[in-house]
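Reading through the C-alpha cells given below for one structure.
What's counted below: heavy atoms across the whole structure, side chains too, no hydrogens, waters or symmetry copies. The chains referred to below are lettered A, B, ... by the order of the sequence lines, with proteins before strands, and numbering in each begins at 1.
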Protein chains: 2
Amino acid sequence: MSQQLDLLFYSLSDQTRRDILRRLTLKELTVSQIAKPYKISLAAVSKHLKVLEKAKLIGRRRDGKNHIIHAEPKTLIKIDSWIEFYKQYWNESFDQLNTYLTTVGDTKNET
Amino acid sequence: MSQQLDLLFYSLSDQTRRDILRRLTLKELTVSQIAKPYKISLAAVSKHLKVLEKAKLIGRRRDGKNHIIHAEPKTLIKIDSWIEFYKQYWNESFDQLNTYLTTVGDTKNET
DNA sequence: AGAATAGTTTACCAATTGGTTAAATGAGTC
DNA sequence: GACTCATTTAACCAATTGGTAAACTATTCT
C-alpha cells in the first residue's frame, strides 16, 4: 500500500531518473538511446530503469534486441492524490487573510 | 535547484516521515509528542525531523525546553508544479478517445 | 549548584545506494 | 555454430541510510 508510495517518491528523488522520465514522456526510447546523454555506464542506466520500472513509472516492450521503454505518467496520479490532502493547508495564510477581510468588511464604505 | 527536489522527494519516500508530516499538518507538536506513536527511539525521530527540515517541509520554534514543530505544506507546491508537466500526458488515452468521438461524431443521429 | 526534562549529537552497525568493470543472456546475422 | 549488438546480471566499492545506545547541551525547577 504505502510501500508503493515509498517506491514512487524514492524513484523521483534522483535527478537522473527524473530526467529519464521526462524524456520518455515525450518519446519512447531504447535503453541505449536513454543512456547516451549521461556520462554514467549503460549498466548504471539499466539499474535506474529498474528502479523506475519497479515504481511503475515506466514500462517496456521488446523489439528484437532492443528494449523499448515508455513512460507511464499516470502513475504520478498517486502522488497527486497524496498531495491533494495538503492543498487545503498550503494556502492557509491566504485564506486567513480572506477571512479577516470578510470579518472586517472588504469594502471601504460601510460607515 | 533540482537538489531541492531531490531532497523533497527523498524526504517523502519514507512512510514514517510522511506520517509525521501528515500529523503536523493537522496540529503543531513537540518532538516528544511526535515520537510517541512510533516504536523507534527519540533520536531516530529527531533524525527524521532533520531530514524533513532540510527539505523545508517542516519548521521549528523554541518554547523553553520544547521544540515546537510545524508543517510547511506549501513546500509541496514544488512537487505539484513539477507534476504539472506530466498531467497533459497521463490522460492521453482518454484524450485520444475524445478525439476519436469528435472525429466520428459523438451524436448517434448524423446519418 | 544540583537534579530533572527535552532534544541533539556522536559513534557505531547492518543494509542499501549509485556507481564501476566484467561476465552472462538474448536475438538477429554470417 | 560462431559473431555481433543490445541489454542485464554479478561482484565489487565507497558513501549513505535508518536504526541503536550513550554522551552531550540547553532549559527549567528546587
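Distance CD1/B:Ile83 to CD1/A:Ile79: 5.0 Å, rounded to 0.5 Å. In this structure, CD1 on B:Ile69 lies 9.5 Å from CG on B:Leu52, to the nearest 0.5 angstrom.
When the P atom of C:dT8 is taken as reference, atom CG of B:Leu52 falls 12 Å away, rounded to whole Å. Between the P atom of C:dT5 and the CD1 atom of B:Ile68 lies a distance of 19 Å, rounded to the nearest Å. As rounded to whole Å, 21 Å separates atom P of D:dA26 from atom CZ of B:Arg61. B:Ile69 has its CD1 atom 14 Å from the P atom of C:dA6, to the nearest Å. Computed from coordinates, the A:Leu42 CG to C:dT21 P distance equals 12 Å when rounded to whole Å. At whole-Å resolution of the value, NZ in B:Lys36 and P in C:dA6 are 9 Å apart. At whole-Å resolution of the value, CZ in B:Arg60 and C1' in C:dA6 are 11 Å apart. At whole-Å resolution of the value, CD in A:Gln15 and P in C:dG18 are 13 Å apart.
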Next on the checklist: Test side-chain contact (heavy atoms from CB on, under 4.5 Å) on B:Leu24 and B:Leu57; report intermediate values, then the result.
Outcome noted: CA-CA 10 Å; B:Leu24 285 173; B:Leu57 284 165; over 6 Å; no
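Contacts classified as salt bridge (charged side-chain N to carboxylate O under 4.0 Å, His left out) and involving residues 26-49 of chain B (residues at least two apart or in different chains) are given here: B:Glu28-B:Arg61. Residue pairs satisfying the ring-ring contact (aromatic ring centres under 6.0 Å, His included) criterion with at least one member in residues 4-30 of chain B, sequence neighbours excluded, are listed as follows: B:Phe9-B:Trp82.
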Item to check | Where protein sits on nucleotides 25-30 of chain C, one letter per nucleotide: B base, S sugar-phosphate only, - none, heavy atoms under 4.0 Å | outcome: -BSS--
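Of the possible donor and acceptor atoms, one in the side chain of A:Arg17 sits under 3.5 Å from a partner among the backbone N and O of A:Ser11. No donor-acceptor distance shorter than 3.5 angstrom exists from the side chain of A:Asp63 to the backbone of A:Asn66, with no hydrogens or angles considered.
In this view, A:Ala43 and A:Ser41 satisfy the side-chain contact (heavy atoms from CB on, under 4.5 Å) rule, not counting sequence neighbours. With sequence neighbours left out, the salt bridge (charged side-chain N to carboxylate O under 4.0 Å, His left out) criterion links B:Asp80 to A:Lys87.
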Could you go over nucleotides 13-19 of chain D and give all protein N or O partners under 3.5 Å, atom names and distances?
residue	atom	partner	partner atom	Å
D:dT17	O3'	B:Tyr10	OH	2.3
D:dG18	OP1	B:Tyr10	OH	2.8
D:dG18	OP1	B:Arg17	NH1	2.9
D:dG18	OP1	B:Arg17	NH2	2.9
D:dG18	OP2	B:Tyr10	OH	3.3
D:dG19	OP2	B:His48	NE2	2.4
D:dG19	N7	B:Lys47	NZ	3.2
D:dG19	O6	B:Lys47	NZ	2.5

